[in-house]
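First listed ligand is number 1; within each ligand, the first listed atom is number 1. Worth saying up front: this structure is predicted, and the values here are computed from it rather than measured. All residue numbers refer to positions in the sequence shown, counting from 1.
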Amino acid sequence: MTDLSQKQVFETLRWHGDRLEMIDQRILPSKFEYRAYASAAEVAEGIRTMVVRGAPAIGCAAAYGVALEALRLRDSSREEFAAGLEKGFEQLAGSRPTAVNLFWALNRIRRVWQEVRHVGLSAIAERLLAEAHEVLAEDIRINRAMGAHGAELLPDGARVLTHCNAGALATAGHGTALGVIRSAVEARKRISVIADETRPFLQGARLTAWEMVHEGIPVTLITDNMAGYMMARGEIDAVVVGTDRVAANGDVANKIGTYMVAVLAQRHNVPFYVACPLSTIDPAVPDGRSIPIEERSASEVTGFRDYQWAPKGVAVRNPAFDVTPAELVTALITERGVVHRPDRQKIAALLR
Ligand code: MRU
């Protein structure tokens, strides 16, 4: 176990020797441990079981998943190599459905594979690994650029509500929504964070709270059903969240409960910002109704870890994401700048 008692930067995913290592986010904050991955199937399982989560981090993991598979198969025949890689793509694509960064990263790695498919297998594997490294490094650069644009939107002294975890843990580093907050703090603004606990997987209580406490950024944890009370009392100045997929018309899919926060924000005249790398925009999806929404296991709702509080046999729904219509979004914060009141035309112009 790594000692994080001293403030230090952590790497959500890292290449170590010939393995991908990822922080096991299921056991944070009580334990800080890395797990090692050596194949696409293992990485797909790590994504499915949420060892790694958050749209950009999932994309990075998937890129490494394909590279690991190529390294594993580099001494086999060309046919076995191609078939194995295809299977790896399939396993990774089937791991979680909503975060479009997963498919974006797989498409990017596939394009590289197509380019180099006639060279030796070791050279292909090395090239895919180099691309995975680049996906990771680029993600941090993008988050820093988004942070710089978004920080300008937050006034000094702002009390900022965020939902789920869109921090360093959800990305290769810095974060999207928490990246905006970090950049504002770096710009010497006095920012405090209100973290929704984010039922049922508790990404806010476990991960956002941990990141902020670890970094010394003031954070107050609330349960999801307290946001309305806080806004009505004038205790929240802005909302900043991340996203798993933005449709061509600007509708935003994010962690379940985000829509509720957006409706409350509109009611109370609180700006609702979405930090969104361009890789999270899916122009192939016309609007929010077409975004695939993951349904997760009932056991996440009926209890937590080993403890079950609901009666056995009760019917449960567990959609992991909801969709906030574009009309409730004050602005999208991207690496190319801020898009106020996003709509189909503005998104198309942004992607051109
Ligand atoms: O189910 P999760 O934890 O993967 O959901 C994550 C979120 O909803 C984040 O807000 C989103 O991926 C943006 S992360 C920068």
Mind listing the side-chain donor-acceptor pairs of residues 79-91 below 3.5 Å, one per line with the distance, residues two or more places apart or on another chain?
unit_1 : atom_1 : unit_2 : atom_2 : d
Glu80  : OE1    : Ser77  : N      : 3.4
Glu86  : OE1    : Arg110 : NH2    : 3.0
Glu86  : OE2    : Arg110 : NH1    : 2.8

Inset, instruction - Answer yes or no on whether Arg199 is positioned over the face of Phe304, meaning its NZ or CZ is under 6.0 Å from the six-membered ring centre and within 45° of the axis. - result: no

For residues 259-268, dump all side-chain donor-acceptor pairs below 3.5 Å to protein atoms at least two apart in sequence or in another chain.
none

Inset, instruction - Anything under 30° is parallel, anything over 60° is perpendicular, the rest tilted; go ahead and classify Trp210 against Phe10. - result: tilted

Inset, instruction - Just grab all the salt bridge (Lys or Arg N to Asp or Glu O under 4.0 Å) pairs involving residues 119-129, residues at least two apart or on different chains. - result: Arg74-Glu126, Arg127-Glu131

Close N/O pairs between ligand 1 and protein, under 3.5 Å:
unit_1   : atom_1 : unit_2 : atom_2 : d
ligand 1 : 1 (O)  : Arg96  : NH1    : 3.4
ligand 1 : 1 (O)  : Arg96  : NH2    : 2.8
ligand 1 : 1 (O)  : Lys255 : NZ     : 2.7
ligand 1 : 3 (O)  : Arg53  : NE     : 2.8
ligand 1 : 3 (O)  : Arg53  : NH2    : 3.2
ligand 1 : 3 (O)  : Gln203 : NE2    : 2.8
ligand 1 : 4 (O)  : Gly54  : N      : 2.9
ligand 1 : 4 (O)  : Arg96  : NH1    : 2.8
ligand 1 : 8 (O)  : Asp244 : OD1    : 3.1
ligand 1 : 8 (O)  : Asn254 : OD1    : 3.1
ligand 1 : 8 (O)  : Lys255 : N      : 3.3
ligand 1 : 10 (O) : Asn254 : OD1    : 2.6
ligand 1 : 12 (O) : Ala55  : N      : 2.9
ligand 1 : 12 (O) : Asp244 : OD1    : 2.8
ligand 1 : 12 (O) : Asp244 : OD2    : 3.3

Legend entry - Short N-O contact, Arg19 and Glu21, less than 4.0 angstrom: no

